[in-house]
Amino acid sequence: MDITAAALLLLALIPWMSTILTSVDTAAGGFVLREIRRTQDSQQDEIDRMKFLFEHLVPAEELHHLQHLADDAPLPYDRSYTRPYLDAELRRLAGVGLISRKPGRSFSAMGDTGDVRDHFSITDSGRTYLQILQTLRS
(Lines give C-alpha, C1' and ligand atoms only; values in the text may rest on other atoms or scores of the structure.)
Protein backbone atom coordinates (compact mmCIF):
# COMPACT_ATOMS: atom_id res chain seq x y z
CA MET A 1 0.00 0.00 0.00
CA ASP A 2 1.49 3.34 -1.04
CA ILE A 3 1.09 6.71 0.68
CA THR A 4 -1.68 7.85 -1.70
CA ALA A 5 -3.82 4.79 -0.94
CA ALA A 6 -3.25 5.25 2.79
CA ALA A 7 -4.25 8.92 2.58
CA LEU A 8 -7.44 8.06 0.64
CA LEU A 9 -8.31 5.38 3.17
CA LEU A 10 -7.83 7.84 6.02
CA LEU A 11 -10.04 10.40 4.25
CA ALA A 12 -12.74 7.77 3.76
CA LEU A 13 -12.67 6.89 7.46
CA ILE A 14 -12.81 10.45 8.82
CA PRO A 15 -16.65 10.84 8.62
CA TRP A 16 -17.10 7.55 10.47
CA MET A 17 -14.38 8.37 12.97
CA SER A 18 -15.92 11.78 13.69
CA THR A 19 -18.62 10.06 15.73
CA ILE A 20 -15.89 8.64 17.98
CA LEU A 21 -13.18 11.28 17.98
CA THR A 22 -13.56 14.86 19.12
CA SER A 23 -10.32 16.10 17.57
CA VAL A 24 -7.58 15.08 15.20
CA ASP A 25 -3.97 16.14 15.53
CA THR A 26 -2.07 16.55 12.29
CA ALA A 27 1.44 17.66 11.42
CA ALA A 28 0.01 21.04 10.40
CA GLY A 29 -2.02 21.40 13.60
CA GLY A 30 -5.27 20.05 15.00
CA PHE A 31 -8.95 20.66 14.47
CA VAL A 32 -12.10 19.75 16.31
CA LEU A 33 -14.33 17.50 14.21
CA ARG A 34 -17.48 17.78 16.26
CA GLU A 35 -17.30 21.58 16.25
CA ILE A 36 -16.96 21.50 12.48
CA ARG A 37 -20.00 19.21 12.27
CA ARG A 38 -22.04 21.53 14.52
CA THR A 39 -21.04 24.54 12.44
CA GLN A 40 -21.99 22.76 9.21
CA ASP A 41 -25.34 21.69 10.65
CA SER A 42 -26.02 25.23 11.86
CA GLN A 43 -25.10 26.70 8.48
CA GLN A 44 -27.28 24.14 6.67
CA ASP A 45 -30.24 25.04 8.92
CA GLU A 46 -29.71 28.71 8.14
CA ILE A 47 -29.49 28.02 4.39
CA ASP A 48 -32.70 25.96 4.55
CA ARG A 49 -34.53 28.78 6.36
CA MET A 50 -33.33 31.39 3.87
CA LYS A 51 -34.27 29.12 0.96
CA PHE A 52 -37.77 28.64 2.39
CA LEU A 53 -38.26 32.39 2.87
CA PHE A 54 -36.90 33.21 -0.58
CA GLU A 55 -39.11 30.63 -2.30
CA HIS A 56 -42.21 31.96 -0.52
CA LEU A 57 -41.47 35.67 -0.86
CA VAL A 58 -43.46 35.96 -4.08
CA PRO A 59 -46.78 34.07 -4.30
CA ALA A 60 -47.37 31.79 -7.30
CA GLU A 61 -49.59 34.18 -9.28
CA GLU A 62 -47.18 37.07 -8.83
CA LEU A 63 -44.29 34.83 -9.80
CA HIS A 64 -46.22 33.91 -12.96
CA HIS A 65 -46.53 37.62 -13.86
CA LEU A 66 -42.84 38.22 -13.12
CA GLN A 67 -41.75 35.29 -15.29
CA HIS A 68 -43.92 36.46 -18.20
CA LEU A 69 -42.50 39.95 -17.97
CA ALA A 70 -38.97 38.50 -17.95
CA ASP A 71 -39.63 36.20 -20.93
CA ASP A 72 -41.45 38.85 -22.98
CA ALA A 73 -44.37 36.41 -23.11
CA PRO A 74 -47.85 37.91 -23.54
CA LEU A 75 -49.59 38.65 -20.27
CA PRO A 76 -53.16 39.51 -21.26
CA TYR A 77 -55.77 40.79 -18.84
CA ASP A 78 -59.43 41.68 -18.97
CA ARG A 79 -61.42 43.72 -16.51
CA SER A 80 -64.09 41.13 -15.66
CA TYR A 81 -61.87 38.12 -14.98
CA THR A 82 -58.27 38.92 -14.14
CA ARG A 83 -58.33 42.61 -13.28
CA PRO A 84 -59.75 42.44 -9.72
CA TYR A 85 -56.70 40.49 -8.50
CA LEU A 86 -54.18 41.70 -11.04
CA ASP A 87 -53.97 45.26 -9.71
CA ALA A 88 -53.12 44.09 -6.19
CA GLU A 89 -50.53 41.61 -7.47
CA LEU A 90 -48.86 44.18 -9.71
CA ARG A 91 -48.87 46.79 -6.93
CA ARG A 92 -47.10 44.34 -4.62
CA LEU A 93 -44.47 43.44 -7.24
CA ALA A 94 -43.87 47.13 -7.92
CA GLY A 95 -43.79 47.87 -4.19
CA VAL A 96 -40.91 45.45 -3.60
CA GLY A 97 -39.08 46.72 -6.69
CA LEU A 98 -39.36 43.62 -8.88
CA ILE A 99 -41.29 45.44 -11.61
CA SER A 100 -41.74 49.09 -12.54
CA ARG A 101 -44.37 51.10 -14.38
CA LYS A 102 -43.46 52.28 -17.82
CA PRO A 103 -43.24 56.08 -18.14
CA GLY A 104 -46.61 57.76 -18.41
CA ARG A 105 -48.52 54.58 -17.50
CA SER A 106 -50.84 54.05 -14.54
CA PHE A 107 -53.31 51.48 -13.28
CA SER A 108 -56.24 53.67 -14.27
CA ALA A 109 -54.89 53.94 -17.83
CA MET A 110 -54.78 50.17 -18.31
CA GLY A 111 -58.31 49.99 -19.72
CA ASP A 112 -60.65 47.01 -19.89
CA THR A 113 -58.35 44.66 -21.79
CA GLY A 114 -54.74 44.60 -22.84
CA ASP A 115 -51.30 43.26 -22.13
CA VAL A 116 -49.56 43.93 -18.81
CA ARG A 117 -46.26 44.30 -20.71
CA ASP A 118 -47.59 47.51 -22.27
CA HIS A 119 -47.69 49.08 -18.80
CA PHE A 120 -45.01 47.36 -16.72
CA SER A 121 -41.52 45.96 -17.13
CA ILE A 122 -39.33 43.76 -14.98
CA THR A 123 -36.49 45.48 -13.12
CA ASP A 124 -32.91 44.30 -12.68
CA SER A 125 -33.89 43.25 -9.15
CA GLY A 126 -36.74 41.18 -10.60
CA ARG A 127 -34.37 39.42 -12.98
CA THR A 128 -31.90 38.77 -10.16
CA TYR A 129 -34.71 37.35 -8.01
CA LEU A 130 -35.71 34.92 -10.78
CA GLN A 131 -32.09 33.84 -11.31
CA ILE A 132 -31.56 33.16 -7.60
CA LEU A 133 -34.86 31.31 -7.35
CA GLN A 134 -33.94 29.14 -10.34
CA THR A 135 -30.56 28.36 -8.75
CA LEU A 136 -32.18 27.41 -5.45
CA ARG A 137 -34.65 25.12 -7.17
CA SER A 138 -32.05 23.26 -9.25
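Index from 1, following the sequence.
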Provide the closest heavy-atom pair for [X] versus [Y] in the form atom of the first, atom of the second, distance.
X	Y	value
I122	L69	CG2-O, 4.0 Å
L130	A70	CD1-CB, 3.6 Å
G97	S125	O-CB, 3.6 Å
S106	H119	O-ND1, 4.5 Å
R101	F120	CG-CE2, 3.2 Å

Please report the interatomic distance [atom1]([X]) to [atom2]([Y]), rounded to the nearest 0.5 Å.
X	Y	atom1	atom2	value
E46	D41	CD	CG	13.0 Å
D118	R105	CG	CZ	6.0 Å
Q44	T39	CD	OG1	13.0 Å
Q40	D45	CD	CG	12.0 Å
I47	Q43	CD1	CD	6.5 Å

Tell me whether L93 is reachable from I132 by hopping between hydrophobic residues (I, L, V, M, F, W, Y) whose side-chain heavy atoms are closer than 4.5 Å. yes

Under a single-linkage definition using a 4.5 Å side-chain heavy-atom cutoff for Ile, Leu, Val, Met, Phe, Trp and Tyr, are L57 and F52 assigned to the same hydrophobic cluster? no

Residues pairing under side chain to side chain donor-acceptor pair (under 3.5 Å) where one sits in residues 62-74, two or more places apart or in two chains, turn out to be E62-R92, H64-H68, H65-E89

Side-chain ([X]) to main-chain ([Y]) donor-acceptor, under 3.5 angstrom:
X	Y	answer
T123	L98	yes
K102	R117	yes
D115	L75	yes
S42	R38	no
Y77	M110	yes

Report yes if the side chains of L63 and L133 come closer than 4.5 Å at any heavy-atom pair, otherwise no. yes

Could you walk me through whether V116 and I99 satisfy the side-chain contact (heavy atoms from CB on, under 4.5 Å) test, starting with their C-alpha distance in whole Å, then the side-chain angles of each, then the deciding distance to 0.1 Å, before giving a yes or no? CA-CA 11 Å; V116 172; I99 65 171; over 6 Å; no

